[in-house]
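Working notes, structure below.
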Amino acid sequence: MTDHQVHALPNGIRILFKHSPSPITHCCFVLNAGSRDELPQKEGLAHFIEHLLFKETERRSTPQILNHLELVGADLNAYTTKEYTCIHASLLKQHLERAVDLFEDILFHSTFPEDEMEKERGVILDEISSYLDQPEEAIQDDFEEYLFKGHPIGNNILGTPESVGILNGADIKQFTAANNNTHQMIFAVYGDYDFKKLVKLCEKYFGNVPENTSQKNRIAPDAISHGIYALQKPISQTHCILGGRAYPSAHQNKYGLLLLNNVLGGMGMSNRLNLEIREKHGIAYTIESNYTSLTDTGIFSIYFGTDAEKAEKALKLVHKELKKLRDNKLGTVQLKQAKEKFIGQIALAEESRMSLIISMAKSLLDFNRIDSLEEIFAKINAVTAEGLLEISNEIFDNDRMITLLFEPK
């Protein structure tokens, strides 16, 4: 039995609803448009547009937009990824119509005035500078640039000072016309409502949005070779990231790699990398692994920061842990414990209701369906030790991995 409801408006915009008997509502509007959809020399455009959505519209000034939900104690925010743009709000349930009204206004009636564009351009240039001052953030962006060299997925979501400096109103019109397909938009609500009344509310505000059926031409990235890169930076520690391409979101091995990532360097303090490199050898405060799946590729990476004289040893220990997973199957007890830990973490994560409703909206965009927790747990429990060994030998193959080091000057 499904725990959610979906309704498609005639223009293609879909309404996703999950009931919760709570006085707090979480809602989001997710568009299938991100930084990978930008044209060459237009890097940072999707993120630039996201910022400008909170500026003037045809009937609201910037202060009116910012105050509309904050005046009733609501939280409003947005973000851009490689593939999505998301606006989200948390509020008392009686104020949902205020959020729906505001979302429709900023998404479909923003005017992008020149003076606001210039102010926000400065804000984003400061944001880029701030990231460059944080090596643990900057190294991730540089790593993805090496991993997807020459492909839009490798571009920094924020853009570059040069690209952001020349973005204009014509670029915004071109991008929104080409990427804001109304059939690839989801408005999702997690709260205490009657679904029929919610649909009527959405019809009132979103029903008159003109249909857009523009089709993307996303091209999957080509294969790349491995490599080791070292960059000198004005920093006090060595920062390292290594990894490679991984499975796309619809791949049959996705849940196997998610489980493997959790064993290796995922949530909590008991993962293998943390136990070996931080707890046993005491040579890195932060060490973690991550797996991000995209529609046609994925990214697996391991990050750590340490003193320059300890970096070589830390890197050797990381490779030692990867080799263990390539050479040895998890035992029956190890596999059972790994699954129980991962399933428990997923169940706890569902308590973050905003994260959950955004995740559901993205799943509806990508797969036209949403797996229940029971279905997700079944996929995790179906993973075998033999399957994990095969995944390890494919994803952790040294000939498929890139290593990037930020070293102190």
Side-chain angles (χ1 to χ4, degrees), residues 13-18 20 22-35 44-81 83-113 115-117 119-124 126-127 130 157-158 172 175-176 180 182 184-193 198 201-202 204-206 209 351-362 364-365:
I13 297 174
R14 281 173 286 177
I15 314 305
L16 167 62
F17 174 63
K18 182 175 174 65
S20 169
S22 169
I24 304 299
T25 294
H26 303 282
C27 61
C28 64
F29 200 105
V30 183
L31 297 83
N32 189 12
S35 63
L45 180 56
H47 176 254
F48 192 41
I49 293 171
E50 174 230 308
H51 272 237
L52 290 169
L53 291 176
F54 295 89
K55 304 304 175 182
E56 293 178 19
T57 68
E58 293 166 5
R59 59 191 177 95
R60 286 188 174 97
S61 66
T62 301
Q64 286 174 326
I65 291 169
L66 298 177
N67 284 328
H68 191 67
L69 289 181
E70 286 193 6
L71 284 174
V72 294
D75 177 55
L76 172 68
N77 216 326
Y79 65 87
T80 308
T81 71
E83 298 190 318
Y84 307 103
T85 301
C86 176
I87 302 168
H88 55 88
S90 298
L91 56 153
L92 289 171
K93 73 174 187 178
Q94 63 264 34
H95 301 307
L96 178 63
E97 186 166 2
R98 293 178 76 97
V100 178
D101 177 21
L102 184 67
F103 281 17
E104 190 273 340
D105 193 26
I106 64 178
L107 282 164
F108 303 105
H109 303 285
S110 285
T111 55
F112 306 109
D115 59 333
E116 293 289 358
M117 286 177 64
K119 282 191 285 186
E120 213 54 36
R121 197 189 313 276
V123 170
I124 293 172
D126 281 346
E127 188 177 357
S130 173
I157 292 168
L158 301 181
I172 292 172
F175 185 87
T176 53
N180 287 10
T182 49
Q184 292 291 300
M185 297 178 179
I186 308 285
F187 177 61
V189 177
Y190 195 168
D192 188 14
Y193 304 98
L198 175 63
L201 177 66
C202 292
K204 174 182 173 182
Y205 286 96
F206 298 129
V209 172
E351 291 298 303
S352 174
R353 296 184 177 185
M354 178 59 81
S355 297
L356 176 63
I357 197 65
I358 292 174
S359 176
M360 291 174 69
K362 290 178 178 177
L364 191 59
L365 278 177

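FYI, side chains are in, hydrogens and waters are out, and symmetry mates aren't considered; it's all heavy atoms of this structure. Residues: numbered from 1 along the sequence shown.
Of all non-hydrogen atoms in Glu83 and Asn32, the two that sit nearest each other are O-OD1, 3.3 Å. Among all heavy-atom pairs drawn from Cys86 and Val30, the shortest one is SG-CG2, 4.0 Å. Closest non-hydrogen pair, Arg353 versus His26, comes out as CB-CD2, 3.5 Å. Heavy atoms only, all atoms of each residue included: Thr111 and Glu58 are closest at CG2-N, 3.7 Å. Closest approach of Phe175 and Gly34 over heavy atoms only: CZ-O, 3.8 Å. What you find for Tyr193 and Leu96 is that their closest heavy atoms are OH-CB, 3.4 Å.
The closest donor-acceptor contact from the side chain of Ser130 to the backbone of Asp126 lies at 3.5 Å or more, if one exists at all. Not a single donor-acceptor pair under 3.5 Å links the side chain of Glu116 to the backbone N or O of Lys55. Of the possible polar contacts, one joining the Thr176 side chain to the Ile172 backbone as a donor-acceptor pair under 3.5 Å is found.
To the nearest 0.5 Å, atoms CD1 (Ile24) and CG (Leu91) are separated by 8.0 Å. Atom-to-atom distance recorded for Ser90:OG and Asn77:CG is 10.0 Å, nearest 0.5 angstrom. To the nearest 0.5 angstrom, Leu102 atom CG is 9.0 Å from Leu66 atom CG. Put simply, CG on Asp101 and NE2 on His95 are 14.0 Å apart, with the number rounded to the nearest 0.5 Å. Annotation: the span from Glu104 atom CD to Phe206 atom CZ amounts to 7.0 Å, rounded to 0.5 Å. Rounded to the nearest 0.5 angstrom, Ile357 CD1 and Ser352 OG are separated by 11.5 Å.
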Decide side-chain contact (heavy atoms from CB on, under 4.5 Å) for Met354 and Tyr190; before the verdict, give the C-alpha distance in whole Å, the side-chain angles of both, and the deciding distance to 0.1 Å.
-> CA-CA 8 Å; Met354 178 59 81; Tyr190 195 168; over 6 Å; no
Stepwise side-chain contact (heavy atoms from CB on, under 4.5 Å) test for Cys27 and Val189 | CA-CA 4 Å; Cys27 61; Val189 177; 4.1 Å; yes
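Side-chain contact between Val72 and Leu92: absent, with no pair of heavy atoms (C-beta onward) separated by less than 4.5 Å. Between Ile49 and Thr85, the closest side-chain pair of non-hydrogen atoms is not below 4.5 Å. With contacts defined as side-chain heavy-atom distances shorter than 4.5 Å, the pair Glu97/Tyr205 qualifies. The side-chain heavy atoms of His68 and Gln64, taken from C-beta on, include no pair separated by under 4.5 Å. Leu76 is listed as a side-chain neighbour of Ile87, based on a closest heavy-atom distance under 4.5 Å. Considering only heavy atoms from C-beta on, Leu107 stays 4.5 Å or farther from Val209 through its side chain.
The aromatic rings of Phe29 and Phe187 sit tilted, their planes meeting at an angle between 30° and 60°.
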